[in-house]
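For reference, the structure is listed below as structure tokens.
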Amino acid sequence: MSVQFIDFSRQNEVIKPEVDAGWAAVIAKSAFIMGPQVKVFEEEFARYCGVKYALGVNSGTDALYLALSALGIGPGDEVVLPTHTFIATALCVSYTGAAVKFVDVEEVTYNIDPVELARVVTKKTKAIIPVHLYGQMANMDEIKAIADKNGIAILEDACQAHGARYKGVRSGAVGNAGCFSFYPTKGLGGWGDGGAVITNDDKIKHMVEMLRDYGRIDRYCHKMKGFNSRLDTMQAVVLSAKLKHLDEWNRMRQAIAAVYAVELARIGVAVPKTAPDRDHVYQTYAIRVKDRAKVMEGLKAKGIPSLIHYPIPIHLQEAYKDAGYKAGDFPVSEKIAAEILSLPLFPHMTADQVKEVVGALKESL
Ligand SMILES: *Cc1c(COP(=O)(O)O)cnc(C)c1O
């Protein structure tokens, strides 16, 4: 038996009848761009997250970029973010012309370290981007205290944490705005690219609405130099169908993670930890191992794929050479990058598949 890293075939079967009917309705009206289904999904997603507005855009990267633009961030500004994240978090800052200021992460949650964060904030800092990595939210109370004290906006990168909670509040709903990706492998994923910005702020809402649609306020009347970044109607149909199952699928992820935690602790593997005030949704199940290359080889030989999220922290990426960082600047992130290993985990993973992964891991160690 082999196990896929992610297998959404069951999810796809579950939603297919609803998607078929929904897509037929879109095709019948040729309402491919900004059809009524987009607004329906936006309202459902806003309600789910517990905020006033959700705005569909083209991708998670665009969500972050448009939200930063809506906050007025640009050249001369600084934006603070963790170095242990997917590169898109940094890219969107660079697109605005602002400077990236990296911060190390906490060894326990893998999320931005508030103590280190407080140290890098300057008068130029205009936004903090906490990334809710792997499905667990960052320490929002401490981040918010620093942001409020210094008059800095918080933009949550919730691209890996659909439905996660911090003290009962959903990801994306704590900061000035929250950004989501609906890339197919995310916790809530479309059948193509997609993203959303959520917010309670009317000004951010209006700005993102304009920015995603060529900066227009009327058909051919343009207030600013906007972009073309909309959630397409076909994806909105898929996302509405999936959203109905998101909590259930997150509970299935949590149940699998619970089995992993017990079984892997038994064989001495460092498993992910969840802070007591948070709900982890396990978009990624990342363990820590010392002899990683050997372990990955051993797993592969038994038909078990594993991945590294992420092998190189952003401050050490060639693309960010110009930011002026060097090896040793962020010791926790660098240590994590060398040891982290993601195991297969998806909602419909069977007990046998979990057992298979645990058995293969045991032999590989
Ligand atoms: C996936 C992801 C993004 C980018 O989302 P896209 O939809 O792929 O553009 C940004 N940040 C994080 C943390 C992500 O995981």
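Ligands are counted one by one from 1 in listed order, and the atoms in each one are counted from 1 as well. Predicted model, so just to flag it, every value in this text is computed and none were measured.
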Note the single closest protein heavy atom to [atom], along with its residue, its atom name and the distance in Å.
atom                    : value
atom 8 (O) of ligand 1  : S181 OG, 3.9 Å
atom 14 (C) of ligand 1 : K186 NZ, 3.0 Å
atom 13 (C) of ligand 1 : D157 OD2, 3.4 Å

Can you tell me if D247 and Y48 form a side-chain donor-acceptor pair at under 3.5 Å?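 Result is yes, a qualifying pair exists.
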Going by atom types only, do Y320 and S94 share a side-chain donor-acceptor pair under 3.5 Å?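 A donor-acceptor contact under 3.5 Å links the two side chains.
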Please identify which atoms of ligand 1 are closer than 4.0 Å to at least one heavy atom of [X].
X    : result
T89  : 11 (N)
G60  : 5 (O), 6 (P), 7 (O), 9 (O)
S59  : 7 (O), 9 (O)
V131 : 13 (C)

Any heavy atom of D193 sitting closer than 4.0 Å to ligand 1?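 So D193 does not count as touching ligand 1.
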Side chain or backbone of T61 under 4.0 Å from ligand 1, or both, or neither, by non-hydrogen atoms?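 The part of T61 near ligand 1 is both the backbone and the side chain.
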How does A88 reach ligand 1, if at all, at less than 4.0 Å between non-hydrogen atoms: by side chain, backbone, both, or neither?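 The part of A88 near ligand 1 is the side chain, not the backbone.
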Salt-bridge test for [X] and [Y]: reply yes if a basic N is under 4.0 Å from a carboxylate O, no otherwise.
X    : Y    : result
E297 : K294 : no
R212 : E42  : yes
E18  : K244 : yes

If we only count N/O pairs under 3.5 Å, is D62 in contact with ligand 1?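 Between D62 and ligand 1, no N or O pair is found under 3.5 Å apart.
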Suppose we call two aromatic rings close when their centres sit under 6.0 Å apart. Are Y282 and Y260 close by that rule?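 Between Y282 and Y260, the centre distance exceeds or equals 6.0 Å.
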Mind telling me whether H162 and F180 have parallel, tilted or perpendicular rings, with 30° and 60° as the class edges?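 Answer is tilted, since the angle falls between 30° and 60°.
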Does the structure place the NZ or CZ of K225 under 6.0 Å from the centre of the six-membered ring of Y214, at an angle of no more than 45° from the ring's axis?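 No - K225 does not lie over the ring of Y214 by the 6.0 Å and 45° rule.
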